[in-house]
Amino acid sequence: MKRIMTSAMIGGLFAASLGFAAQAGETKDSLVINSEDGPIKIITHVKNPPAGSPLPELFSGWVFRSKETRALETDDFDNPGMIFVEQAWEAWNTPDGKAGKSCADCHGEPSSMKGLRAVLPRWDDKQAKLMTIEDYINWSRVEHMGAKPWKYGGGQLTSMVALISLQSRGMPVNVKTDGPAKKMWELGKKLYYTRVGQLDMSCSNCHEDNYGKYIRADHLSQGQINGFPAYRLKNAKLNSVHGRFKGCMKNIRAKPYKVGSDEFRALELYVASRGNGLSVEAPSVRN
Amino acid sequence: MAKIKPRVKVPKSVAAGEYFTVKTLINHKMESGQRKDKKTGKKIPRKIINYFEATFNGKPVFSVDIQPAVSSNPFFQFSMKIEEAGKLAFKWVDDDGSVYETAKSIKIG
Amino acid sequence: MNLSRRQALAFGGAVVTVSLIPIDFAKAASDATMADIKSFTGGASVAEGGIELTTPEIAENGNTVPISVSAPGAVSIMILADGNPNPGVATFHFSDMAEPSAATRIRLAGTQNVIAVAKMADGSFTQTSRSVKVTIGGCGG
């Protein structure tokens, strides 16, 4: 009985989309961002995903947004997420902690971080842990600066993640799923397909089975994270990957895992791998 | 709250008498006065940027009287022309009396 | 039957058609909006045309709705959101160095009419309006 009720409910959620999904479909526009260093071409559509992908084609969340929201991302000045990147740049150059050092003292310009965002999260043998950008920033703050770690998902850390991600903008996401990362990747995959919460839904119910359709008034994306941290019009700030996962779990009336938990790390690796081939797009603009 | 810092996009040099675009953005919550504190149930007092102005060599170009219905991190874009080189100055006025300022030099050429 | 009505409502084309129907200001605008317009015009009569207001037909989120306005010959343009708790949004003032056009991002409490009223250099007034449908209840992505 419970199963029947649930199926009917999910059917109801997506009913509005039946029959006209094609008309409402994704934009065919391509994304070129006007940056201070010139135009940057972003891969928002992968026609032939890597072997084993559960998706026939990959789409960045950008292609599902309205014309006006998409436009906000085409020029770095128009993108309000860049406000937070600038704040992080100041923090990058500002000494903190007992060692009296700044990020810049060891790393020089943020451009030294180029390429990192595209391959994270990754398994780190020294740490014996799956590491996200957040983890590396906080590890370095504690280890090298003698500073306190920033709150996972908080404004300071998420802004710094955006600054570091920006250095890899345009590069294709390419996270490793085999070797020592495999165990966490498999946990992430299991979480992705597990139905949870009062609505008894999994990530896949929306982002694999129904992307491109409307859930009430919202155009469902593939749930790709290549654009994170994302500036959301809803809360006018940068949102972390884990913050978004938490929001999704609340939406389906589930008790979310903790931001910065191993569950969300594993899910981040798995979801990132579903977007291997899309460009790093952070900081993106979403609704 | 993070430091309030204006951003402006102005061409370094322009042709005399031809319109060019100016974009401005400032990080500010624009607390509308309509929201309630979830814990106390009390209304959060209004705190917005209530005025913006751009002047060129001291003469008014463009200004805005701003209400709480302007979005967080207020963005304004306008178009202007000049006949001579000079300084384009920008000013934002906060409800608490703070004034945030920046300026850019523009050449003719 | 119910499903086809939903389809019609959700399908963008239907919304465009609705938004193109001219709005009768005397009937459509709230008392607060009319009062704001009156304080801007000093009670002078307001024409229509000669002013262009650009808004999304459907805003994905009411928190940040990009709009732009242009009225050749204007010295000031007032923007009002008829369905907000307070209709006032912003008033732009242009000197002869500025083109009488501007763009900003605004908050809309729900589906409603956005109104622009321009004051011309000769002291006359003109106005226009656009209906913006604000979607609610999604998850965002």
Side-chain angles (χ1 to χ4, degrees), chain A residues 11-25 60-62 64-72 78 80 199 201 206-207 211 213-225 227-228 230-237 239 244-245 247-252 284-287, chain C residues 1-19 52-70 79 81 83-84 89-90 101-112 114 116 130-141:
Chain A
L13 275 169
F14 297 111
S17 70
L18 295 175
F20 70 99
Q23 291 99 313
S60 159
W62 182 81
F64 298 94
R65 303 279 55 89
S66 74
K67 180 175 76 178
E68 293 79 14
T69 309
R70 291 200 307 272
L72 288 174
D78 293 349
L199 297 192
M201 289 169 79
C206 282
H207 298 295
Y211 69 85
K213 296 179 188 166
Y214 280 83
I215 181 160
R216 298 181 67 185
D218 210 353
H219 199 190
L220 271 175
S221 75
Q222 288 185 338
Q224 299 286 1
I225 55 173
F228 278 78
Y231 181 91
R232 292 189 66 189
L233 305 180
K234 178 183 172 170
N235 55 17
K237 63 172 190 177
N239 293 258
R244 176 68 263 199
F245 290 164
C248 281
M249 291 191 79
K250 281 184 166 179
N251 286 152
I252 55 169
S284 63
V285 182
R286 302 287 186 259
N287 57 322
Chain C
M1 196 57 202
N2 189 34
L3 189 65
S4 67
R5 186 184 66 89
R6 281 193 183 192
Q7 286 178 353
L9 281 176
F11 182 47
V15 179
V16 177
T17 317
V18 172
S19 68
E52 196 178 332
L53 177 64
T54 307
T55 64
E57 280 144 14
I58 302 173
E60 277 189 305
N61 192 292
N63 257 347
T64 311
V65 183
I67 65 151
S68 64
V69 68
S70 169
I79 305 292
N84 277 3
V89 176
S101 69
T104 187
R105 299 168 186 162
I106 69 171
R107 292 168 170 157
L108 297 177
T111 295
Q112 58 180 284
V114 177
R130 296 275 298 165
S131 166
V132 182
K133 196 174 163 67
V134 177
T135 61
I136 48 165
C139 320

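We name chains A, B, ... by the order of the sequence lines, and we start the count at 1 in each one.
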Spacing of [atom1] belonging to [X] relative to [atom2] belonging to [Y], to within rounding of 0.5 Å:
X: N61(C); Y: E68(A); atom1: CG; atom2: CD; answer: 12.5 Å
X: T64(C); Y: N287(A); atom1: OG1; atom2: CG; answer: 10.5 Å
X: K67(A); Y: E60(C); atom1: NZ; atom2: CD; answer: 12.0 Å

Going by the rule salt bridge (charged side-chain N to carboxylate O under 4.0 Å, His left out), which residues pair with R107(C) if we only count those two or more places apart in sequence or in a different chain? none

What part of N239(A) gets within 4.5 angstrom of chain C, counting heavy atoms only: side chain, backbone, both, or neither?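 For N239(A), no heavy atom lies under 4.5 Å from chain C.
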
At a heavy-atom separation under 4.5 Å, does P66(C) approach chain A through its side chain, its backbone, both, or neither?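 Just its side chain gets close to chain A.
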
L72(A): side chain to side chain contact (heavy atoms under 4.5 Å, CB included) partners, not counting sequence neighbours: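 Expected list: L233(A), V285(A), R105(C).
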
Without swapping roles, check the side chain of N63(C) against the backbone of K234(A) for a donor-acceptor pair under 3.5 Å.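 Yes, N63(C) side chain to K234(A) backbone: donor-acceptor pair under 3.5 Å.
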
